[in-house]
Amino acid sequence: MTTLVVEDLLRALTPRVLTTLVRRYGQFEDCEDAVQEAVIAAAVQWPTEGVPDNPRGWLVTVASRRFIDRIRSDHARREREAALASEVSPAEPPDTDDTLVLLFLCCHPTLTPASQTALTLRAVGGLTTAEIARAFLVPEATMGARISRAKQRIRAAGSSFALPRGAELRERLRVVLHVLYLIFNEGYTASSGSRLHRPDLAHEAIRLTRMAHARLPEDGEVTGLLALMLLTHARRDARTTAAGDLVPLDEQDRTVWDRALIDEGTALVKAALAGPALGPYALQAAIAATHADAATAKETDWAQVHALYLILERVAPNPMVTLNRAIALAETEGPAAGLSLLATLDGDDRMAGHHRLLSVRAHLLERTGDTAGAYAHYRRAAKATASLAEQRYLELRAGRVRPPRGHRDEVS
């Protein structure tokens, strides 16, 4: 088995192994350390020795041994070790999946919302610290310290491994949904690496959101988030060529879109919009449904898309929302209008040098006929993203508008 396949398997298994250990021993930080040691051992052994028949059981066994070894290494904790060992049920079902419980544990009320999100992405989503830092637009060192402090706070709180109830459940739900949204986004468009998609993360985000929706079917935002994921994921097979190159939305073969997911997502959008209040996920799902409803890119109802982004901008102000509204505005009022709206983001530190802002500006400059400006921004955008698929696409676009020889390349 190749190293890449082993890495994908370990990424999928790690959250479930961690839930097993936390359920048994209750010490989140020590359990995560033990699981990471087991994962490292598997990453070294499995590619050469082969994957065991029960890979999850192998990881649980090794991680449990590492956990017990940690306890034994401290003489003052021998009594605690005996107490913990007596609590482990030998008849515990090996395939119990308490990932949703782990998700809510990571969203503990003693943590700040940012720490809740970061810790959950690390423990449940399996993202690296660098990937999470990119999602939050902060340095990797800052994110590493935030995650470490979050684990220490949960340990100090001595939380039980069980789903919260009543008002506490709903308080944590907002952060849980944001975490699932970020996990899905990382799976749908990986922030780094050679692959545009990371299907394991996208599927896991959808699975967890379905679990949340099954428990809270009347919640409009849970419904909206599930709809958004399904409608977006329906386009996955049309987003890349056979060689793995990115295909933009307006050039995709829409006959390849998954109609079953679109139908399910559209039905969920209708249910979410029928609720008493419009939340950001329901609005984003409505935008995705508008795109899905168009048989061709030219038939897209851009006026409706722009109107929905205007509402979303009021409900949940965010520079990425404004950037997307600029795209819709350019479709309804022309590229100059879109560029004017993009200019309002130039003073936002979160967007400084962001490849999305650079690439959208390049596209709109190209539409105005400013090929030199478009070329410069496409090149800068390509240098700003860690995704190889996006880099190839942006370099290709830059090549199409490359200025004549002798023109000064401001990004060379």
Discussion item. Tell me which one of Glu366, Arg402, Lys383, Arg400 satisfies side-chain hydrogen bond (donor to acceptor under 3.5 Å, both in side chains) with Tyr378.
Written reply: Glu366
Worksheet item: Within the distance-only criterion (no hydrogens, no angle test), does the side chain of Thr20 pair as donor or acceptor with the backbone N or O of Arg16 below 3.5 angstrom?
Response: yes
Worksheet item: Hey, mind stepping through Tyr181 and Leu228 against side-chain contact (heavy atoms from CB on, under 4.5 Å) and telling me if it holds?
Response: CA-CA 9 Å; Tyr181 177 71; Leu228 174 61; 3.7 Å; yes
Worksheet entry | Polar side-chain atom of Thr290 near backbone of Ala286 as donor-acceptor pair, under 3.5 Å | yes
Discussion item. When you compare the side chain of Leu121 with that of His178, does any pair of heavy atoms fall below 4.5 Å?
Written reply: no
Worksheet item: Any side-chain heavy atom of Arg397 within less than 4.5 Å of one from Tyr393?
Response: yes
Fill in: Asp349 atom CG, neighbour heavy-atom count above 12 within 6.0 Å
no
Worksheet, complete the sentence: Here the salt bridge (Lys or Arg N to Asp or Glu O under 4.0 Å) pairs for residues 230-241, sequence neighbours left out, are Arg236-Asp258
Worksheet item: Between Glu331 and Arg367, is the closest basic N to carboxylate O distance under 4.0 Å?
Response: yes
Practice prompt. Kindly determine whether Leu246 and Arg392 satisfy side-chain contact (heavy atoms from CB on, under 4.5 Å), including the steps that lead there.
Written response: CA-CA 8 Å; Leu246 187 151; Arg392 290 195 301 270; over 6 Å; no
Fill in: Over 12 foreign heavy atoms within 6.0 Å of CD, Glu299
yes
Worksheet item: Would you find a donor on one side and an acceptor on the other, under 3.5 Å apart, between the side chain of Glu32 and the backbone of Leu18?
Response: no
Discussion item. Counting C-beta onward and ignoring hydrogens, is there a side-chain heavy-atom pair between Leu103 and Leu180 closer than 4.5 Å?
Written reply: yes
Fill in: Sub-4.5 Å side-chain heavy-atom contact between Glu395 and Arg379
yes
Worksheet item: Measuring from Ile287:CD1 to Leu308:CG, what's the distance to the nearest 0.5 Å?
Response: 5.0 Å
Worksheet item: How about Val179 and Leu182: do any of their side-chain heavy atoms sit closer than 4.5 Å?
Response: no
Discussion item. If I take atom CZ from residue Arg149 and atom OG1 from residue Thr112, how far apart are they, to the nearest 0.5 angstrom?
Written reply: 8.0 Å
Practice prompt. Calculate, to the nearest 0.5 Å, the distance between atoms CG and CG belonging to Leu323 and Asn318 respectively.
Written response: 10.0 Å
Worksheet item: Is there a side-chain contact between His108 and Leu119 (heavy atoms, below 4.5 Å)?
Response: no
Worksheet item: Closest approach of Ala374 and Ala362, non-hydrogen atoms and distance?
Response: CB-O, 3.4 Å
Discussion item. For Met229, is there any backbone N or O sitting under 3.5 Å from a side-chain donor or acceptor partner on Thr232?
Written reply: no
Item to complete: Check whether any side-chain N or O of Glu333 sits under 3.5 Å from a backbone N or O of Gly338 as a donor-acceptor pair, and report yes or no.
Response: no
Worksheet, complete the sentence: Closest non-hydrogen contact found for Cys106 with Leu111 is O-CD1, 3.4 Å
Worksheet item: Just how far is it from atom OG1 of Thr120 to atom CD1 of Ile132, taken to the nearest 0.5 Å?
Response: 9.0 Å
Worksheet item: Looking only at atom types and distance, does a side-chain atom of Asp293 sit under 3.5 Å from a main-chain N or O of Ala289, one as donor and one as acceptor?
Response: no
Worksheet item: Got a second to check how far Ser340's OG is from Leu364's CG, nearest 0.5 Å?
Response: 11.5 Å
Worksheet entry | Close aromatic pair by centroid cut-off 6.0 Å: His233 and Trp257 | no
Worksheet item: So, do Arg259 and Ile262 sit near enough that their side-chain heavy atoms are less than 4.5 Å apart?
Response: yes
Fill in: Leu358 to His377 - nearest heavy-atom pair and separation
O-CB, 3.7 Å
Worksheet item: For Arg325, what residues pass the salt bridge (Lys or Arg N to Asp or Glu O under 4.0 Å) criterion, not counting sequence neighbours?
Response: Glu313
Worksheet item: Hey, does Leu59 have a side-chain heavy atom less than 4.5 Å from the side chain of Val35?
Response: no
Practice prompt. Can you see which heavy atom on Ala238 is nearest to which on Val247, and at what distance?
Written response: O-CB, 3.6 Å
Discussion item. Donor-acceptor check, side chain of Thr48 to backbone of Gln45, threshold 3.5 angstrom: yes or no?
Written reply: yes
Worksheet item: With a cut-off of 6.0 Å (strictly less than), are more than 12 heavy atoms of other residues, nucleotides or ligands near CG of Asp346?
Response: yes
Worksheet item: Is the backbone N or O of Ala297 less than 3.5 Å from a side-chain atom of Thr300, with the two atoms forming a donor-acceptor pair by type?
Response: yes
Worksheet item: Going by an N to O cut-off under 4.0 Å, is there a salt bridge joining Arg207 and Glu204?
Response: yes
Worksheet item: Are a donor atom and an acceptor atom from the side chains of Arg153 and Ser115 found within less than 3.5 Å of each other?
Response: no
Discussion item. To the closest 0.5 Å, what do you measure between CG (Leu312) and CG (Asn324)?
Written reply: 9.0 Å
Item to complete: For the pair Leu105 and Val101, evaluate side-chain contact (heavy atoms from CB on, under 4.5 Å) and give the outcome as yes or no after the intermediate values.
Response: CA-CA 6 Å; Leu105 177 64; Val101 182; 5.7 Å; no
Fill in: Worked verdict on Phe184 versus Thr209 for side-chain contact (heavy atoms from CB on, under 4.5 Å)
CA-CA 10 Å; Phe184 177 80; Thr209 307; over 6 Å; no
Worksheet item: Can you name the nearest heavy-atom pair linking Ala38 to Val62, along with the distance?
Response: CB-CG1, 3.8 Å
Response to the item:
For Ala384 and His355, the nearest pair of non-hydrogen atoms, with its separation, is CB-CB, 3.8 Å
Worksheet item: What residues form a ring pair (Phe, Tyr, Trp, His ring centres under 6.0 Å) with Phe28, not counting sequence neighbours?
Response: none
